[in-house]
Number of protein chains: 2
Amino acid sequence: MGSKATLKNIAGILEISISTVSRALKDHPDIAQETKRKVRELAELMDYEPNAFAVYLRTNESKVIGLIVPEISNYFYHSFVSALENEARKKGYTLLILQSGNDSAVEEANLRLCKLNRVACIFVALCSETRDLATFNRIGSSGIPIVFFDKVPEDNNCIKVCLADRDIGRLAAKTIVGKGKKNVLAMFGNPNLSISRKRKQGLTEEIKKLTPFVNVSTVTANNSSEAKSILIEAMEKKEKPDTVFCMSDEILTGVIMGINKLGLKMPQDIAVIAISNGFIPKLTNPEITYIETSGAVLGKKAMQTFTEILEKGISKKLDVINSKLVEGGSI
Amino acid sequence: MGSKATLKNIAGILEISISTVSRALKDHPDIAQETKRKVRELAELMDYEPNAFAVYLRTNESKVIGLIVPEISNYFYHSFVSALENEARKKGYTLLILQSGNDSAVEEANLRLCKLNRVACIFVALCSETRDLATFNRIGSSGIPIVFFDKVPEDNNCIKVCLADRDIGRLAAKTIVGKGKKNVLAMFGNPNLSISRKRKQGLTEEIKKLTPFVNVSTVTANNSSEAKSILIEAMEKKEKPDTVFCMSDEILTGVIMGINKLGLKMPQDIAVIAISNGFIPKLTNPEITYIETSGAVLGKKAMQTFTEILEKGISKKLDVINSKLVEGGSI
DNA sequence: AGTAAAATTGCAAAGGTTTGCGATAATGTT
DNA sequence: AACATTATCGCAAACCTTTGCAATTTTACT
């Protein structure tokens with residue numbers, strides 16, 4: 001109980017040098033089998049674990065990965081985080097998860113925290129507020145690689161893994177037009193994010209391309225309750241939409257609540273199509289038709305990108321993953 | 001660019017000693033104002049940040065808090081994590097979030113990781129599998145305080161913050177009886193967890209106490225899809241339940257899907273009451289009546305407990321927070 | 001001016017690990 | 001037997017910070 005398990009103590013007891021103990025524990029070829037055996041046995045007995053800080057200090061690289069997201073409580077990020085964590089564990093890394101809460105100041109604080117902890121890499125989904133990427137660039141050039149995902153900057157001079165947002169929008173457009181809908185209310189998140197703009201572009205342009213007879217009105221809903229009230233208001237008008245498009249789970253949530261409040265039936269009273277991770281669409285009756293954006297796949301991709309960075313030392317890259325339509329009965 | 005920002009470098013440039021620089025940066029009273037000014041200016045300029053590992057190594061305490069949960073993708077833990085993270089940040093701590101994925105082996109690996117990183121404290125929600133608490137005890141006695149929350153061990157010789165699970169069960173019982181229900185299907189999670197047993201006890205005992213005329217059949221549903229199929233099966237029987245009780249969001253999710261699949265109406269065809277964090281109940285029509293278990297409140301409490309540990313050095317404690325009924329229209 | 005007290009600074013060790021290089025001991029070769 | 005290899009091991013520096021204590025300088029006081 002008394003003495004802590006350190007190399008020094010082990011060395012003391014065995015009356016050999018610290019370096020020999022260190023090497024024995026790493027199975028270094030210089031060390032005799034017999035010595036290795038004794039060291040390993042004692043280390044086991046003493047429940048030795050290397051002091052991570054000392055190792056970090058000496059080797060100057062930590063086995064920690066920083067992850068900064070606006071909100072973990074979001075099914076998409078959830079699945080992303082889970083996937084990333086699994087992959088990271090396999091490679092011996094630990095995840096430092098930080099939330100920016102859609103506040104640029106907190107985001108910056110988190111960034112500093114990552115730097116302070118000398119993380120091996122930072123994965124970032126920007127918060128919608130963020131306009132100034134100076135801090136990111138500073139950190140990036142200080143040697144810590146940054147991988148942006150999902151909510152990525154416009155700039156191409158960085159590493160990004162993201163969804164094929166424009167294609168997703170187009171796929172939604174095709175589905176809507178295919179079902180013969182005429183009047184679409186399309187809800188998007190903060191236009192500051194490229195993810196919002198691209199999805200919107202994809203949707204509106206594709207519809208225009210396909211047919212001149214479908215009317216699309218786009219609106220911005222910053223959160224669930226905004227989406228809910230926008231829907232309710234829209235349904236009270238004379239020319240009410242026959243279809244509502246939700247670019248995210250957050251918006252979809254609000255729309256569902258609005259539909260319930262008004263007692264509407266899908267798809268008769270209103271058709272719904274969303275971009276989603278798939279959890280919420282399964283909770284309604286009928287289930288909601290959605291374009292699947294798998295956080296899990298993206299997470300895996302992100303980790304792959306990280307290993308590529310380590311091996312090849314790239315500093316700019318764009319990875320895109322595709323999505324597919326999952327039919328419920330809401331449209 | 002060339003030289004890194006360390007105390008040594010700053011000292012070298014200013015031609016003073018490292019210790020003076022260190023003290024100047026911490027506003028130590030021994031250092032002259034003029035010196036402090038110069039040091040601070042240069043430090044600012046060089047973008048100096050103390051090397052966290054060196055600090056940890058020297059002071060032997062890290063500003064990191066470990067958090068181990070079965071799954072983050074669970075609204076209850078979400079809100080818990082968010083709250084805890086906020087509180088932690090205020091006090092300068094960082095959260096190391098680890099998922100055990102309901103696998104005891106992973107849980108243990110995570111525990112070791114926490115120890116390895118010399119975290120200041122570990123918050124744990126046990127996974128349902130875990131029976132052996134030896135590792136926890138070992139770590140606990142090695143100086144790292146452990147705070148159990150939500151899914152806590154039975155043993156009272158530790159620190160726990162949890163919900164008033166029996167009371168929650170009783171509250172549900174009262175509501176069910178008050179609504180004149182006669183035939184209850186009550187679904188619980190893994191009975192290995194005290195949380196399941198206590199909720200079940202509270203519910204069944206209270207109903208028995210209140211009236212002999214209500215029939216309760218309890219079942220175990222380990223996940224959403226099990227809950228779904230249990231419900232569907234039950235509704236096909238002759239003596240089908242008029243009410244279903246769900247002890248968690250996970251189970252509730254399955255039940256909702258089952259209800260949708262069968263096209264049932266709440267509360268006419270089947271009444272529903274759940275224990276939930278409140279997100280999912282708002283998505284149905286009518287909304288689901290639930291007993292609110294706030295992860296946010298629990299998270300705050302947990303952090304308070306941690307500060308108490310630091311200040312007073314307690315090693316056993318039980319904190320309980322109460323819940324309230326939120327009426328939807330599902331019962 | 002001489003001494004005491006206060007203000008300011010530096011020395012050096014400690015914390016635990018990694019690693020290049022040199023030292024020693026054991027074995028093999030001619 | 002003399003030398004060359006090879007197998008083992010230890011020394012000591014480095015990573016960066018904190019901190020007790022001693023050293024030095026400045027200021028105050030008689």
Sugar-phosphate only, base, or nothing, as touched by B:I16 at under 4.0 Å among non-hydrogen atoms: sugar-phosphate
Distance, rounded to the nearest Å, where [X] contributes [atom1] and [N] contributes [atom2]:
X      : N      : atom1 : atom2 : result
A:E49  : C:dG16 : CD    : P     : 15 Å
A:F53  : D:dC16 : CZ    : P     : 17 Å
A:L7   : C:dT19 : CG    : P     : 12 Å
B:N51  : D:dC15 : CG    : P     : 11 Å
B:H28  : C:dA7  : NE2   : P     : 13 Å
A:R118 : D:dC15 : CZ    : C1'   : 11 Å
A:L14  : D:dT8  : CG    : C1'   : 15 Å
B:Y56  : C:dT17 : OH    : C1'   : 18 Å

Which nucleotide in the list [options] gets nearest to the side chain of [X]?
X     : options                : result
A:L57 : D:dC16, D:dT17, C:dG10 : D:dC16
A:K8  : C:dG15, C:dT17, D:dC9  : C:dG15
A:S17 : D:dC11, C:dT17, D:dT17 : D:dC11
B:R58 : D:dT19, C:dT17, D:dG10 : D:dT19
B:S22 : D:dT19, C:dT17, D:dC15 : D:dT19

Can you find an N or O donor on one side and an acceptor on the other, under 3.5 Å apart, linking the side chain of [X] with the base of [N]?
X     : N      : value
B:R23 : D:dG20 : yes
A:D30 : D:dC9  : yes
B:S19 : C:dC11 : yes

Interface with DNA chain C, restricted to residues 32-40 of chain B and to heavy atoms under 4.0 Å: B:A32, B:T35
Side-chain donor/acceptor of A:E85 to backbone N/O of B:Q99, under 3.5 Å: yes
Side chain B:T35, main chain B:I31, donor-acceptor under 3.5 Å: no
By side chain to side chain contact (heavy atoms under 4.5 Å, CB included) - contacts of B:C127 (at least two apart): B:P70, B:S100, B:N102, B:S104, B:E107, B:E129, B:T130
If you look only at distance, which donor and acceptor atoms sit under 3.5 Å apart when one is on a side chain in residues 18-27 of chain B and the other is two or more places apart or in another chain?
residue, atom, partner, partner atom, Å
B:S19, OG, B:S17, OG, 3.1
B:T20, OG1, B:S17, OG, 3.0
B:D27, OD1, B:K36, NZ, 3.0

Closest-nucleotide ordering on DNA chain C, the 5'-leading residue of B:E15 and A:Y48: B:E15
Partner residues of A:Y48 under the ring-ring contact (aromatic ring centres under 6.0 Å, His included) criterion, sequence neighbours left out: none
ring-ring contact (aromatic ring centres under 6.0 Å, His included) involving A:Y56 - partner list, sequence neighbours excluded: B:F53
Sequence neighbours excluded - salt bridge (Lys or Arg N to Asp or Glu O under 4.0 Å) pairs with any residue from residues 8-17 of chain B: none
Phosphate OP1/OP2 of C:dG10: any B:T20 side-chain N/O under 4.0 Å: yes
Close aromatic pair by centroid cut-off 6.0 Å: B:Y93 and B:F306: yes
